[in-house]
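All residue numbers in this chain count up from 1 along the given sequence.
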Amino acid sequence: MSVSRNNPPMNRYTVLVAALLFVSGGYVTAQAAPITVQARLVLGTSKEEKGKMGVPAAIKKKLARVFKWKHYYELNSKRMNIADAATKSAKLSRAASIKVNNKKNGKVAVSLFSKGKMLVQKTQNLKPGSHMVLAGSTASDSAWFIVLSKSK
């Protein structure tokens with residue numbers, strides 16, 4: 001691009017603005033998009049428990065393929081809107097809480113805590129319709145899970 005000698009300050013200004021727009025456009029595409037994550041606290045047990053809400057069929061199917069429990073109940077659920085590169089926390093029970101970080105390229109990093117002590121950290125590409133499962137055990141014949149899913 002040539003700069004006219006008749007009006008150099010104006011043309012330099014135009015080139016500078018064009019360069020800034022080009023550079024900032026590249027920056028915006030490198031950022032992660034805001035996401036909405038549904039975090040569910042799920043109880044897996046062999047005993048049927050009246051009055052408790054069952055989990056959606058897709059979650060039950062996923063859990064039943066891997067774990068031995070016959071029944072899966074949703075004890076609590078939190079919807080989290082997480083901005084680009086931000087971290088949000090949610091308390092799902094007296095003991096269980098999570099921290100979810102929205103990373104680039106559709107990935108989320110999750111830290112699971114029980115009674116304030118970190119149990120596990122996991123990073124996964126979380127697409128709409130897929131699930132991330134984190135598990136814990138109880139003293140009784142049951143288990144609890146944190147199931148995360150991404151809303152569209």
Side-chain angles (χ1 to χ4, degrees), residues 13-152:
Y13 177 74
T14 304
V15 171
L16 177 64
V17 169
L20 286 174
L21 287 173
F22 179 77
V23 171
S24 67
Y27 174 72
V28 170
T29 58
Q31 293 178 329
I35 59 169
T36 300
V37 174
Q38 184 79 29
R40 292 179 169 91
L41 175 62
V42 175
L43 172 68
T45 182
S46 294
K47 295 186 286 184
E48 186 173 356
E49 297 191 21
K50 301 287 184 196
K52 289 196 176 172
M53 185 172 80
V55 297
I59 293 175
K60 182 176 181 178
K61 184 178 178 181
K62 181 174 181 90
L63 295 174
R65 271 190 266 148
V66 179
F67 301 104
K68 67 179 184 176
W69 316 112
K70 293 180 184 176
H71 306 283
Y72 296 92
Y73 300 103
E74 186 174 306
L75 303 179
N76 195 2
S77 178
K78 299 279 182 171
R79 186 174 205 87
M80 304 167 70
N81 295 314
I82 308 169
D84 167 39
T87 300
K88 286 236 178 151
S89 299
K91 189 168 175 103
L92 296 168
S93 73
R94 284 182 298 190
S97 63
I98 58 171
K99 285 187 181 178
V100 182
N101 179 262
N102 179 12
K103 295 187 164 285
K104 292 180 182 176
N105 302 324
K107 288 188 178 183
V108 294
V110 180
S111 299
L112 171 62
F113 298 86
S114 179
K115 298 179 183 172
K117 188 176 184 180
M118 187 174 13
L119 297 180
V120 68
Q121 285 184 312
K122 185 175 182 181
T123 300
Q124 180 177 319
N125 191 359
L126 192 60
K127 297 177 183 173
S130 67
H131 301 95
M132 177 190 286
V133 178
L134 305 165
S137 61
T138 66
S140 63
D141 186 29
S142 62
W144 57 269
F145 306 92
I146 306 293
V147 180
L148 289 110
S149 56
K150 183 178 174 182
S151 300
K152 294 178 183 180

For a quick test of reading the model, state the closest non-hydrogen atom pair linking Ser149 to Leu126 and the distance between them.
C-CD2, 4.2 Å

Just so I know, are the side chains of Thr87 and Val100 near enough to count as touching, which here means a heavy-atom distance under 4.5 Å?
no

Taking all heavy atoms of Ser114 and all of Leu119, pick out the closest pair and write down the distance.
CB-CD1, 3.5 Å

Decide yes or no on side-chain contact (heavy atoms from CB on, under 4.5 Å) for Val133 and Ile146, but give the supporting numbers first.
CA-CA 6 Å; Val133 178; Ile146 306 293; over 6 Å; no

Please tell me if the side chains of Asp141 and Trp69 come closer than 4.5 Å, counting only heavy atoms from C-beta onward.
yes

So, taking the atom named NZ in Lys107 and the one named NZ in Lys127, what distance separates them when rounded to the nearest 0.5 Å?
11.0 Å

For Ser97 and Lys91, which heavy atoms make the closest approach, and how far apart are they?
CB-CA, 4.0 Å

Distance (rounded to the nearest 0.5 Å) between Ser111 OG and Met118 CE:
5.0 Å

At what distance, to the nearest 0.5 angstrom, does CD1 of Ile82 lie from NZ of Lys150?
10.0 Å

Between the CG atom in Asn101 and the NZ atom in Lys88, the distance rounded to the nearest 0.5 Å is 12.5 Å

Taking Lys115 for the side chain and Ala96 for the main chain, is one N or O donor matched with an acceptor at less than 3.5 Å?
no

Within-4.5 Å side-chain heavy-atom neighbours: Val108 and Leu148:
no

Quick note, side-chain hydrogen bond (donor to acceptor under 3.5 Å, both in side chains) partners involving residues 41-67, not counting sequence neighbours, are Glu48-Lys50, Glu49-Lys52

Inter-residue atom distance Asn125.CG - Met132.CE, 0.5 Å rounding:
9.0 Å

Side-chain heavy-atom pair Thr36, Arg79 within 4.5 angstrom cut-off:
yes

Test Leu41 against Trp144 for side-chain contact (heavy atoms from CB on, under 4.5 Å), laying out the working first.
CA-CA 7 Å; Leu41 175 62; Trp144 57 269; 4.0 Å; yes

Given 3.5 Å as the limit, does a donor-acceptor pair link the side chain of Asn76 with the main chain of Leu92, or not?
yes

Any chance you could measure Leu112, atom CG, to Leu134, atom CG, to the nearest 0.5 Å?
5.5 Å

Answer yes or no: does atom NZ of Lys70 have more than 12 heavy-atom neighbours from other residues, nucleotides or ligands under 6.0 Å?
no

Heavy-atom nearest pair, Pro34 first then Asn102, reads CA-ND2, 3.9 Å

Met80 side chain near Ile98 side chain, heavy-atom distance below 4.5 Å
yes

Give me the atom names and distance for the closest heavy-atom approach of Thr123 to Ala109.
OG1-CB, 3.6 Å

Between Phe145 and Phe67, is a ring-ring contact (aromatic ring centres under 6.0 Å, His included) present by the stated rule, with each step listed?
CA-CA 11 Å; Phe145 306 92; Phe67 301 104; 4.7 Å; yes

Distance-only side-chain donor-acceptor flag, Ser151 / Gln38, under 3.5 Å:
no

